[in-house]
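Here the structure is laid out as structure tokens; the discussion comes afterwards.
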Amino acid sequence: MRQLLVLLMATSLMAPCAQAREVDPARQAVLAAVHTLDTALLAKDASALGELLEPDFIGTVPSGVALVRDAYVAFHTRADEGLVSIEPAAGTEPTVRVLDGRFAVVNRRVAVRRADAAGRIDAFEVQRIEVLRLDDGRWRIVSGQGTRVQH
């Protein structure tokens with residue numbers, strides 16, 4: 001009886017680990033898509049952004065302005081201003097929820113540095129939420145919102 005109890009306990013402890021391993025690749029793929037977004041924003045790469053963002057994408061920037069996909073791409077690819085760095089905020093870890101294996105929500109805090117048209121750099125934190133959809137094996141971004149963190 002004791003051996004059976006030990007076996008049942010060991011099995012119950014292993015089950016969450018097996019589930020975590022099953023979810024982990026999806027989480028990593030979602031985070032890779034978000035990293036691709038950050039890389040494209042910093043590089044001002046309109047083509048990469050166009051590939052990553054869904055056609056009906058809507059993004060809200062920290063000023064509160066909501067932009068459809070083409071306007072969002074144009075906003076983030078201006079040659080004379082924009083993001084110069086995006087890093088995870090100190091002491092934070094993104095929260096990733098993969099739903100039905102087809103949709104994901106990422107909630108994260110990032111520290112950004114942004115240059116204005118005069119070249120002045122402003123540094124601040126942004127609370128980000130991205131919504132993604134799995135499309136032909138690729139995670140694409142449906143929507144994103146950034147809210148400037150008030151300290």
Side-chain angles (χ1 to χ4, degrees), residues 12-151:
S12 69
L13 291 174
M14 290 173 53
C17 294
Q19 287 177 336
R21 269 185 257 130
E22 290 174 22
V23 173
D24 192 56
R27 181 182 191 278
Q28 294 306 315
V30 167
L31 287 173
V34 170
H35 178 72
T36 299
L37 171 67
D38 292 349
T39 300
L41 291 170
L42 292 173
K44 300 180 183 300
D45 187 339
S47 177
L49 287 168
E51 286 291 316
L52 185 60
L53 305 178
E54 286 282 347
D56 60 348
F57 170 88
I58 296 178
T60 303
V61 295
S63 67
V65 174
L67 304 164
V68 295
R69 184 178 98 171
D70 292 344
Y72 186 86
V73 170
F75 178 84
H76 282 293
T77 56
R78 294 170 294 168
D80 58 341
E81 64 182 297
L83 294 166
V84 295
S85 72
I86 305 171
E87 299 291 333
T92 67
E93 183 73 25
T95 300
V96 178
R97 293 193 59 207
V98 178
L99 309 163
D100 295 332
R102 301 177 305 153
F103 303 97
V105 177
V106 178
N107 189 324
R108 62 193 177 122
R109 184 176 286 197
V110 294
V112 300
R113 290 179 42 237
R114 184 184 180 289
D116 66 16
R120 291 182 301 261
I121 302 292
D122 188 18
F124 52 95
E125 288 187 357
V126 177
Q127 188 67 43
R128 295 279 317 155
I129 296 176
E130 271 88 28
V131 178
L132 299 90
R133 178 177 75 91
L134 189 61
D135 180 33
D136 285 332
R138 280 186 48 225
W139 286 99
R140 293 179 49 111
I141 299 178
V142 175
S143 185
Q145 176 160 347
T147 302
R148 190 170 179 152
V149 176
Q150 302 298 317
H151 290 280

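Positions are given from 1 along the sequence. Quick caveat, the model's predicted, so the values are computed rather than measured.
Among residue pairs with one or both ends in residues 60-84, those qualifying as salt bridge (Lys or Arg N to Asp or Glu O under 4.0 Å) are Arg78-Glu81, Glu81-Arg114; sequence neighbours excluded. Sorted by first and then second residue, the pairs that involve residues 92-101 and meet salt bridge (Lys or Arg N to Asp or Glu O under 4.0 Å), not counting sequence neighbours, are Arg27-Glu93. Sorted by first then second residue, the salt bridge (Lys or Arg N to Asp or Glu O under 4.0 Å) pairs that include residues 54-64, not counting sequence neighbours, are Glu54-Arg133, Glu54-Arg140.
Side-chain contact check for Ile121 versus Val84: some heavy-atom pair is nearer than 4.5 Å. The shortest side-chain heavy-atom distance between Leu83 and His76 falls under the 4.5 Å cut-off. Contact check for Trp139 versus Val98: side-chain heavy atoms found under the 4.5 Å cut-off. Within the 4.5 Å cutoff, the side chain of Phe75 has heavy atoms near those of the Val61 side chain. Leu41 places a side-chain heavy atom less than 4.5 Å from the side chain of Leu49. Two residues are said to be in side-chain contact when any heavy atoms from C-beta on lie closer than 4.5 Å; Val106 and Thr95 fail this criterion. In this structure, Ile141 and Leu37 have side chains that are in contact, with non-hydrogen atoms separated by less than 4.5 Å. Looking at heavy atoms from C-beta onward, Phe124 lies in side-chain contact with Val112 at the 4.5 angstrom threshold.
The minimum heavy-atom distance between Gly144 and Phe57, with the atom names listed, is N-CE1, 3.6 Å. Taking each heavy atom of Ser85 and Leu42 in turn, the nearest pair found is N-CD2, 3.4 Å. A pairwise comparison of heavy atoms in Thr36 and Leu52 identifies C-CD2, 4.0 Å as the closest pair. In terms of heavy atoms, Gly101 sits closest to Leu134 at O-CD2, 3.4 Å. Of all heavy-atom pairs between Leu67 and Tyr72, the closest is CB-N, 3.7 Å. Nearest heavy atoms, Val126 versus Gly146: CG1-CA, 3.5 Å.
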Could you walk me through whether Ile129 and Val105 pass side-chain contact (heavy atoms from CB on, under 4.5 Å), step by step?
CA-CA 7 Å; Ile129 296 176; Val105 177; 4.1 Å; yes

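Side-chain atoms of Ser143 come within 3.5 Å of backbone atoms of Ile58 as a donor-acceptor pair (strictly under, hydrogens ignored). No side-chain donor-acceptor contact under 3.5 Å links Asp135 to the backbone of Arg138.
Under 3.5 Å, the side chains of Glu130 and Asn107 contain no donor-acceptor pair of N or O atoms.
Rounded to the nearest 0.5 angstrom, Arg109 CZ and Thr147 OG1 are separated by 10.5 Å.
Contact check on Arg128 versus Asp38 returns no salt bridge, with no Lys/Arg side-chain nitrogen under 4.0 Å from an Asp/Glu carboxylate oxygen.
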